[in-house]
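Each chain gets a letter, A, B and so on, in the order its sequence line appears, and its residues count up from 1. In what follows, every heavy atom counts, from backbone to side chain, and hydrogens, waters and symmetry copies are set aside.
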There are 2 protein chains.
Amino acid sequence: MSTNITIKDVAQQAGVSEATVSRALNNSPQVKQATRLKIQTIADRLGYHPNGLARSIRVQRSHTLGMIIPDILNGFFTQLSRAIEDVASQAGYDVLIVNTDEHLKKEAKGINLMLEKQVDGLIITSAGAFTDYPKMLGHTPAVFVDRMPPANIVSQYDRVLVDNIQGTQDIIDCLIKRGAQRIGIINSAVSATATERLQGYHRALAAANLSPDPDIEVTARTDGSNVPQMTRQLLVNQKCDALFAADNTIMTGVLTKLPDLHLTHFQLGAFDDNEWFNFLPQPIVTAKQPIAELGRVAVERLLARVANDQLPTQEFRLPAEIIPRS
Amino acid sequence: MSTNITIKDVAQQAGVSEATVSRALNNSPQVKQATRLKIQTIADRLGYHPNGLARSIRVQRSHTLGMIIPDILNGFFTQLSRAIEDVASQAGYDVLIVNTDEHLKKEAKGINLMLEKQVDGLIITSAGAFTDYPKMLGHTPAVFVDRMPPANIVSQYDRVLVDNIQGTQDIIDCLIKRGAQRIGIINSAVSATATERLQGYHRALAAANLSPDPDIEVTARTDGSNVPQMTRQLLVNQKCDALFAADNTIMTGVLTKLPDLHLTHFQLGAFDDNEWFNFLPQPIVTAKQPIAELGRVAVERLLARVANDQLPTQEFRLPAEIIPRS
DNA sequence: GTGAAAGCGCTAACAA
DNA sequence: TTGTTAGCGCTTTCAC
């Protein structure tokens, strides 16, 4: 915040009014070509940069979007943020990012910060199943991606997410076709997601006439700390011949534990793909989320809602692509 | 930008002046406890959020930092951005990120955008060896991380980066100790970095009385497209018994090619560590950058300069840690 | 301890 | 085609 040269300086130098400078620099059609040129030259010479904050406050629009994610180090959110930034910047918006680490307080603080920064809209991957979003957000448009808000208010917001049931079903299906008979699942800590993925798991079992076993259906902690131990439990104690990890952080936990186990015959499946899986000795069947698409749809919908807050809310459900890897 | 309730509304409801509300909400000591309480209650009830833009424009400080990076999908920058966000947010700043894809135009556009958004300072990992930063940046403080600005202006800015020479030397050293006699290098496309890493490479060779061979010193394209072919060239045609990749994207390219080559005895080294390397069948010796430290130092220095623009510019050189992996 | 008034840099009526 | 004026929401003297 050190650009001390303002529209007034340009106006004085050019011998015109501030209004004319503003018009010229904003390409208003109603300014004489000669004037515009002179003004532009002078602005360049002075190294003038318009003060976007002043403009925003005046036009009541910041051209900034806020994005709330658990952790950008998680590959899914890295890719999502990139996609969102790309689409947003194409539309003349930039993006403010806050990492919550699944922490409700951090999320609340982040949202507040963004509201103060007057973001035009918010893209949220929720950490808080119990957060009162309508109260927090006020009239600021928001779309939820991947993680849904609490069930009682979910219909008040636009949502963009993957088809968890189908994606999971395809993976389990593939594992079964390749001979798996007893497939353990380490499910996500995110409840809405977990419910759907478990459902896909059960559907695939049913379709193959395999009966589910509660003993081999477990749920990871949010921080993933219990995943290695569960891996052992399922693959060794419970003698599973395949293991399904419900997201990429869970799979990372599984991979950490594997070498200790000295197993030879078992299969692996995971929701969320990862380019590094290609380099691993053990093939992993995955459901690859259309992350770029998720981001694109989310931003487009958000901007549409910014332009028209009367839009009915909607859920966008995108298909996951199975990557068999054999 | 939909918060239509302002300080004025709170003032009216509370029966005080706007000034008093402002003071109360900013914890000015000179406002009566009772007044402050009443104001805070009313502000809460109304769901009042201060307009940060208006404040910024008034106090001439945005409490926002800008960050220019090539691509957040590159693990190094993912981690760097996280570190920077953490330190910045701790200090009450948030950060705006722009990806340049090593594109000069995108970088210029991004910097302009940030100047318009009135960022208090900029953290830059430069794409442009030929960019005229002093002209672009004006008086906005900037610190360069990892990628340095052009040599003729480098001393005008603070810089934070790793000890490339030592890091590389340690890796090559380790490879030699383990028996390597002919170590190929695929160097970085970033010239300043490449120069230093090559120097470390040569030093290690010299220390072991191995003579360098220009035929096995090659440089990757910025987009890494020629890396797979170079991998084959060095490991097969040139019969290298070890390969050093000068950064993590290069190593990814190497790994892509390896399976085709069906080689059994060779070693791998790389600058930049990656958690996924732990899961690979082939051990990789790396120099792990202190990324969190780089980010922390960069933000701290930047904020120090924001507070005092008379600070002499300085270079911060941090050590890399060798991860031998055998 | 509180209020009145000015002004940060900009844009948008309304005039000329 | 251009200038004048008002005001976006806030903080900060300067009074009282």
Phosphate-side-chain proximity, [X] and [N], N/O vs OP1/OP2 below 4.0 Å:
X	N	result
A/Q60	C/dT11	no
A/S22	C/dA12	no
B/S17	C/dT2	no

Check the distance between [N]'s [atom2] and [X]'s [atom1] and give it to me in whole angstrom.
X	N	atom1	atom2	result
B/I57	D/dC8	CD1	C1'	9 Å
B/E18	D/dG9	CD	P	10 Å
A/R61	D/dG9	CZ	P	14 Å
A/K8	D/dG3	NZ	P	15 Å
A/H63	C/dT11	NE2	C1'	13 Å
A/K38	D/dT1	NZ	C1'	13 Å
A/I7	C/dG7	CD1	C1'	16 Å
A/R55	C/dC8	CZ	P	19 Å

Can you figure out which of [options] approaches the side chain of [X] most closely?
X	options	answer
B/T20	C/dT2, D/dC10, C/dC10	C/dT2
A/V31	D/dC10, D/dT2, C/dT2	D/dT2
A/R58	D/dG3, D/dT12, C/dT11	C/dT11
A/A54	C/dG3, C/dC10, D/dG9	C/dC10
B/A19	D/dT4, D/dC8, C/dA5	C/dA5
B/R23	C/dC10, C/dG3, D/dT2	C/dG3
B/N51	D/dC10, C/dC10, C/dT11	D/dC10

One thing to verify: whether A/E18 and A/K8 come together as a salt bridge, which I'm taking to mean a side-chain N less than 4.0 angstrom from a carboxylate O.
no

Atom pair CG (B/D120) and OG1 (B/T64), whose distance is rounded to the nearest 0.5 Å:
6.5 Å

Rounded to the nearest 0.5 Å, what separation is found between the OG1 atom of A/T100 and the NZ atom of A/K109?
12.5 Å

Side chain to side chain contact (heavy atoms under 4.5 Å, CB included) test vs B/R159 passes for just one of B/R147, B/M148, B/R317, B/R301, namely B/M148

Compute whether any side-chain donor of one residue and acceptor of the other, for B/S89 and A/K106, lie under 3.5 angstrom apart.
no

